[in-house]
Trainee: 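Just passing along the structure, written as structure tokens.
Computed from a predicted model, the values in this text were never measured in an experiment.
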Amino acid sequence: MVGNTSERGTALVFALATLTLVGITIAVVTTELQSRGAGVVIEERSVRLTALSDSAMAETLAELSENGSAFAGVPERRVEGGAMWSTVRPIGEWEAEVIAVGARDGWVSTIRARVFLEGGPRVLWWQRTQGPAGPSLER
């Protein structure tokens with residue numbers, strides 16, 4: 001009977017060790033899934049903001065093509081997924097600075113571009129930034 005008790009004790013220790021390893025594995029997998037889920041949320045926000053600011057820029061360039069330097073920008077409007085707007089500031093006779101913005105849930109994507117206007121608008125330089133909306137961009 002002594003052998004049976006020893007075998008049961010060993011089996012119990014082995015079972016507890018196995019359950020501990022299973023618990024640790026589940027915790028690690030859960031943490032990994034949560035971090036991947038957070039990454040997906042960030043990526044979705046970035047893609048939506050990029051689409052909004054790109055849309056504002058495309059509309060602005062189309063209007064500049066039609067109306068030239070007389071166009072002042074796209075007024076702010078709500079669209080599916082957020083809001084968008086743009087401003088156009090003349091820099092010289094044939095150039096303008098365009099700022100196109102997409103906003104959603106307290107975050108913004110901004111495109112600043114220098115545009116040559118003669119012969120149709122051509123982007124000479126541009127820069128995109130994304131981040132939390134500051135006081136000057138909240139509308």
Side-chain angles (χ1 to χ4, degrees):
M1 229 184 192
V2 173
N4 285 340
T5 304
S6 175
E7 287 176 9
R8 282 191 228 158
T10 303
L12 182 60
V13 169
F14 182 73
L16 289 175
T18 303
L19 288 174
T20 302
L21 285 174
V22 168
I24 290 171
T25 303
I26 289 172
V28 168
V29 169
T30 301
T31 302
E32 178 66 20
L33 290 175
Q34 286 175 340
S35 68
R36 285 183 188 220
V40 168
V41 169
I42 291 168
E43 183 68 21
E44 179 204 8
R45 180 180 62 216
S46 177
V47 168
R48 287 181 185 267
L49 287 171
T50 298
L52 289 168
S53 60
D54 284 352
S55 179
M57 181 58 80
E59 187 173 335
T60 301
L61 292 174
E63 289 290 338
L64 283 170
S65 179
E66 267 188 49
N67 302 316
S69 61
F71 182 66
V74 175
E76 180 182 358
R77 70 172 179 269
R78 292 245 164 249
V79 293
E80 186 175 337
M84 60 180 243
W85 64 91
S86 70
T87 57
V88 177
R89 182 180 62 86
I91 294 176
E93 186 177 348
W94 299 109
E95 288 186 27
E97 177 188 48
V98 175
I99 299 174
V101 181
R104 173 189 166 97
D105 299 334
W107 289 80
V108 294
S109 174
T110 304
I111 302 172
R112 291 183 183 277
R114 190 168 188 140
V115 178
F116 187 70
L117 300 172
E118 184 171 4
R122 287 180 293 182
V123 176
L124 302 172
W125 173 89
W126 70 277
Q127 177 184 23
R128 179 189 314 275
T129 57
Q130 278 191 14
S136 63
L137 288 177
E138 289 180 349
R139 295 196 175 193

Trainee: How long is the straight-line distance from CD of Glu95 back to CZ of Arg122, given to the nearest 0.5 Å?
Mentor: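 The CD atom of Glu95 is 10.5 Å from CZ of Arg122, to the nearest 0.5 Å.
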Trainee: What's the separation between atom CE in Met57 and atom OG1 in Thr110, rounded to the nearest 0.5 Å?
Mentor: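 Spacing of CE (Met57) from OG1 (Thr110) equals 10.0 Å.
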Trainee: Mind listing the closest non-hydrogen atom pair of Val108 and Pro132 along with its distance?
Mentor: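 Scanning both residues completely, I find the closest heavy atoms to be CG2-O, 4.4 Å.
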Trainee: Looking only at heavy atoms, what is the nearest atom pair of Arg104 and Gly82, with distance?
Mentor: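 That would be CB-CA, 4.4 Å.
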Trainee: Got a second to check how far Asp54's CG is from Leu49's CG, nearest 0.5 Å?
Mentor: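 It comes to 10.5 Å.
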Trainee: Say you draw a straight line from CH2 of Trp126 to CD of Glu97; how long is it, rounded to the nearest 0.5 Å?
Mentor: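 Going from CH2 on Trp126 over to CD on Glu97, the span is 15.0 Å.
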Trainee: Considering non-hydrogen atoms only, spot the tightest contact between Arg48 and Gly81 and give its length.
Mentor: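 Heavy atoms of Arg48 and Gly81 come nearest at NH1-CA, 4.4 Å.
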Trainee: Where do Ala100 and Ser86 come nearest, in terms of heavy atoms and distance?
Mentor: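 For Ala100 and Ser86, the tightest heavy-atom pair comes out as CA-CB, 3.9 Å.
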Trainee: How far apart are the closest heavy atoms of Phe71 and Val88, and which atoms are they?
Mentor: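 Closest approach of Phe71 to Val88: O-CB, 3.5 Å.
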Trainee: Identify the two heavy atoms, one from Ala56 and one from Trp85, that lie closest to each other, and give their separation to 0.1 Å.
Mentor: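 That would be CB-O, 3.6 Å.
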Trainee: For the backbone of Leu16 and the side chain of Thr20, can you confirm whether one donor and one acceptor N or O come within less than 3.5 Å of each other?
Mentor: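 Checking the backbone N and O of Leu16 against the side chain of Thr20, a donor-acceptor pair under 3.5 Å is found.
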Trainee: Say you draw a straight line from CH2 of Trp107 to CG of Leu52; how long is it, rounded to the nearest 0.5 Å?
Mentor: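 Reported value, rounded in 0.5 Å steps: 15.0 Å.
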Trainee: Using only atom types and a distance under 3.5 Å, with no angle test, would you say the side chain of Arg114 pairs donor to acceptor with the backbone of Trp125?
Mentor: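 Flag not set: sc Arg114 to bb Trp125 has no pair under 3.5 Å.
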Trainee: Please evaluate residues Val123 and Leu61 with respect to the criterion side chain to side chain contact (heavy atoms under 4.5 Å, CB included), reporting the C-alpha separation (whole Å), side-chain torsions for both, the decisive distance (0.1 Å), and the verdict.
Mentor: CA-CA 9 Å; Val123 176; Leu61 292 174; 4.1 Å; yes
Trainee: Quick one: CG on Asn67 to OG1 on Thr60, what's the gap to the nearest 0.5 Å?
Mentor: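 Nearest 0.5 Å value for the CG-OG1 distance: 11.5 Å.
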Trainee: Please answer: with hydrophobic residues joined when any side-chain heavy atoms are less than 4.5 Å apart, are Trp94 and Leu124 in the same cluster?
Mentor: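 Yes.
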Trainee: Among side-chain atoms of Thr50 and Gln130, is any donor-acceptor pair under 3.5 angstrom?
Mentor: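 Side chains of Thr50 and Gln130: pair found under 3.5 Å.
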